[in-house]
Amino acid sequence: MADVEDLIVQHNMENSPSYSTNLALFTNVTNCNELRQLIVQGKLEAALLNACMVTDPFHVVIAGHKAFQLFQQGKMKTRTLHAEIIFNLSPSTNINESFKKFGILDNTSNVLVVMITQGNAVEKISEVSKLINGKLVSLTALNTISDQEKIKRFTVFQTRNFDVAPYKME
Amino acid sequence: MAFAMEDSTKWCLLKQGAEARVYKTEFYKKKTIIKERFTKSYRHPSLDEKLTHRRTNQEVRSMLRCRKAGICTPAVYFVDYTTHCIYMEEIENCVTARDHVNNLLDTPSGESEKSLQILAEKIGFSLAAMHNVDCVHGDLTTSNILIKTGFDNIILIDFGLSFVSQLAEDKGVDLYVLERAFLSTHPNTEQLFKTVLESYRKKANKAEEIIKKLDEIRMRGRKRTMVG
Ligand SMILES: Nc1ncnc2c1ncn2[C@@H]1O[C@H](COP(=O)(O)OP(=O)(O)OP(=O)(O)O)[C@@H](O)[C@H]1O
Ligand SMILES: [Mg+2]
């Protein structure tokens, strides 16, 4: 198995480069029920996304950027920075609904871990990855596990903040 | 303003307008256009802030509304309301319809004529689709339409003066603004603009009513210039 370090994708926060948004993809996860409890108890500080709902990591990074700015301004709509990331990804203004669709459920098996950290994230993510019963894989595997149909149905082509349009102009 | 200043080294100024600056940059490694609305010193500060905020908001809302309806506008990546910056997808390899039309007019040929006709049709169809979702652009000119090489559709930009309205009058004014801009930037294109209106008529809801309004608005415009 490759090192955790090699598989984490780190994006320094634009405007605040001492912070970064970090992405790590896990497949075959079997303990989402437990992970959800850890989040509720505040013992796991990360956003755990249903990886099937993410088409492009860029969208997650942007959601992180926005969450971080609102956090700094004290204008978040949710209680934690990581919850705010999940909320920002959703087209819905309903927080619970957003969590249900973009967060993990008990039976979710592909999990995208998103963490905003200061300084080096490797140690923190390594700790989190110990809690996850699953396989850490390269983020590029996202292509094969995103459920395009699902995304279309739920996001109506866009989120509140930016869009995941069905046509590509690039 | 600290944000914008800090990073300005990486921002390459593309266009300095009266109300906004347009920059080219990268945002999380994606090629990005930033449109920054600035406040004007001669206006009342808090009024100015509100106005700038509103323009930014209108622009973003209309872009999302249009995209949802399948009309091509740049994807909005991020909006910074503290600095009034819209971060959007850079349309690469594009020219404004203004330059494109002028180039074609400068090199008359059967081919050019055909391209112009096709372009005029696309403009009419896009505007109809935009009006069908009650989006009135507010600043239609050929500079606010982009043509991307290899991409079939035209791309609408610059929605800062846009608003939502169902009124035929507002849509008529939108067409009138484009007509004036079109004919003054591209002389002797009356026939071409007719093509724009014909294709608009084919696709727009309540097209007859809107075109009738356009005729009325033209009359008013003429009377006003006659009186002086
Ligand atoms: N997303 C984009 N991709 C590529 N080029 C763009 C994009 N947005 C704007 N441009 C370029 O920048 C120019 C100016 O943009 P825009 O029309 O939005 O600003 P403006 O005319 O200064 O705005 P305003 O009329 O509100 O003062 C465009 O004509 C186009 O050449
Ligand atoms: Mg313009």
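Every chain is numbered from 1, with letters handed out A, B, ... down the list of sequences.
In this structure, the ring of B:Phe27 has its center less than 6.0 angstrom from the ring center of A:His65.
Closest of all the heavy-atom pairs between B:Thr82 and A:Gln73 is CG2-NE2, 3.0 Å.
A:Phe68 is linked by a ring pair (Phe, Tyr, Trp, His ring centres under 6.0 Å) to A:Tyr19, counting only residues two or more places apart in sequence or in another chain. For B:Phe193, the ring pair (Phe, Tyr, Trp, His ring centres under 6.0 Å) test picks out B:Phe182, with sequence neighbours left out.
Within a 6.0 Å sphere centred on CD of A:Glu123, other residues, nucleotides and ligands contribute 12 heavy atoms or fewer. Dense packing is recorded around CD of A:Gln41, with more than 12 heavy atoms of other residues, nucleotides or ligands lying under 6.0 Å away. Other residues, nucleotides and ligands place no more than 12 heavy atoms under 6.0 Å from the NZ atom of B:Lys203.
A distance of 7.5 Å separates CG of B:Asp80 from CG of A:Asn15, quoted to the nearest 0.5 Å.
Just one of B:Phe78, B:Tyr28, B:Tyr87 meets the side-chain contact (heavy atoms from CB on, under 4.5 Å) condition when paired with A:Glu14; it is B:Tyr28.
Here the side chains of A:Asp56 and B:Lys30 are in contact, with some heavy-atom distance below 4.5 Å.
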